[in-house]
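Each ligand, and each atom within it, is numbered from 1 in the order the structure gives. Worth saying up front: this structure is predicted, and the values here are computed from it rather than measured.
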Amino acid sequence: MASSLTYANYDRRQLFSQSEQQRSYAQHVNPIWVKLLDALGMNVQYTHCSGSELYTRDGRTILDCLSGYCVHNVGHNHPHVVAELVAELQSQSPAMLQSNVVEKAGALARILCENASGKVSKAFFCSSGSEGIEAVIKFARAHTGRTDLIYAAGAFHGLTCGALSLMGSDFWRESFGPMLDGTHEVPFGDLSAIEKLLVTKKIAAVILEPIQAEAGILLPPADYLPGVQKLCQKHGALFVLDEVQTGMGRTGTFLAGQRYGVAPDMIVMAKALSGGLVPCASVLMTEEIYKSVFHSLRRAFIHTSTFSENSLAMCAGIATVEVLQNEGLIERANSLGMEFRDQLRTALGPYEMVKEVRGEGMLTGIEFRAPRSLSMRISFEAFKAVHPGLFGQVLVMRMFNDKDILAQICGNNFMVLKVAPPLTVTESQLKYCVESIRSVIETVHSSSVFWVDALNLGRRAMSL
Ligand SMILES: Cc1ncc(COP(=O)(O)O)c(C=O)c1O
């Protein structure tokens, strides 16, 4: 006979107290993550989040300049998104029947395709960016009858096996191989490297982020994306943009590709499409690609997923686009973002370690370089030897602990600090952010405290 569930033996209040949950997390989920947050002094207990602010149990208000890696474009717990989700739950409408036409999926698909403009007219829904990339790989192969795929160096497309095969970084791949065969890396921005591969006629798709986020907020040369599109058309390959991080208004246009005037064959969206509340992702595609995959009764469900059109996700997606539109958040991201970077450039200009401030909309990167002056250079090289990400991580830690700002360094470029607040961030919050970043960078250049902290953090990290 099966044993009874041990859950019944717990005292519910004890199990759900915040400290007990922390202990359970450390024991049963990911102890190293807990230790890392502890070492950084970033393991705070959040009570609630609203707009661009995160509130902690010990009374701090933290300005969110990470947005959960570009999930919270409309701000945390936006009242309209929350209200729509509550109404959906209370309506007791059908959810996950898998046997009906999900009307809201139709509405969201139409909204996304219309806003994407260009040639896409069909949407496949799923629950994460990686899942969207997996769908793209299958659809591109089905449509072209070819196997191979091109991706750019520094790309981040997700950590499932197919998506990981489109990321060259040994760090992410180590011990998880073998990866998919027939994936080819090219330098981001290099058209001739793409053409050399396309002439083999083996390439099903070229898959790129329009602006590479985790590579360090890398903007493409102006003629790059239109050039890739043209080459793909010429050689019969599909042109795919991964807008998982850049879409939903983040870069000051609905999709970042629109800034460069391209019309991709497929577009992957995720993250902010969820309204920050319910996982939701989508692959937008042309009619022809749809027909290649779902071309007959027998193949009506040839690619699907249990949670793909779940009503809460569809509701969150629709409500989030409504907020973007009703509050003019995309245009606002464009103009406020430009102003923010101008202010940053002025404030950070005097500091030798600041190499460049760049970005579009509310996606900004501050790139650092090794210091030239001898005193800083010795410390910098010593920390780099401990871990290449140590410098950036101490910056993040100082901003969090001294300035109550949550930001992060880029996943594939530790010398770039990413600043990506919700698009609802206020002008005064951005001003505070500029002054706080300046003040932390001043400490880097003028005080040994920053470097001593880095050394201590390095020692703590080594003992994890
Ligand atoms: C550009 C890009 N593509 C794909 C992904 C993978 O998305 P997910 O984590 O939802 O699987 C990410 C995640 O950060 C991303 O930034």
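- Here Phe368 and Phe391 bring their ring centres to under 6.0 angstrom of each other.
- Nearest protein neighbour of atom 9 (O) of ligand 1, counting heavy atoms only, is Ser130 OG, 4.3 Å.
- The cationic atom of Arg60 (NZ for Lys, CZ for Arg) lies less than 6.0 Å from the six-membered ring centre of Phe400 and within 45° of the ring axis.
- Of the polar atoms of Glu131, none of the N or O atoms is found under 3.5 Å from an N or O of ligand 1, judged by distance alone.
- Atom 3 (N) of ligand 1 has as its closest protein heavy atom Asp242 OD2, 2.6 Å.
- Remark: Tyr432 OH is packed, more than 12 non-hydrogen atoms of other residues, nucleotides or ligands lying under 6.0 Å away.
- If you check which protein heavy atom lies closest to atom 8 (P) of ligand 1, you get Gly129 N, 3.5 Å.
- Within the listing of ligand 1, atoms 10 (O), 11 (O) sit less than 4.0 angstrom from a heavy atom of Ser128.
- Counting heavy atoms of neighbouring residues, nucleotides and ligands inside a 6.0 Å radius, atom CD of Gln325 does not exceed 12 of them.
- Note: no N/O pair closer than 3.5 Å links Ile133 and ligand 1 by distance alone.
- In terms of protein heavy-atom proximity, atom 14 (O) of ligand 1 is nearest to Lys271 NZ, 2.9 Å.
- When heavy-atom distances to ligand 1 are checked against a 4.0 Å cut-off, Ala270 has no atom that comes that close, whether in backbone or side chain.
- Interface atoms of ligand 1 facing Glu209, defined by a heavy-atom separation under 4.0 Å, are 1 (C).
- With a 6.0 Å radius and a threshold of 12 heavy atoms from other residues, nucleotides or ligands, Lys355 has its NZ atom at or below the threshold.
- Ring pair Trp33/Tyr25: centre-to-centre distance not below 6.0 Å.
- Closest protein heavy atom to atom 16 (O) of ligand 1: Gln245 NE2, 2.6 Å.
- The shortest N/O to N/O separation between Phe156 and ligand 1 falls below 3.5 Å.
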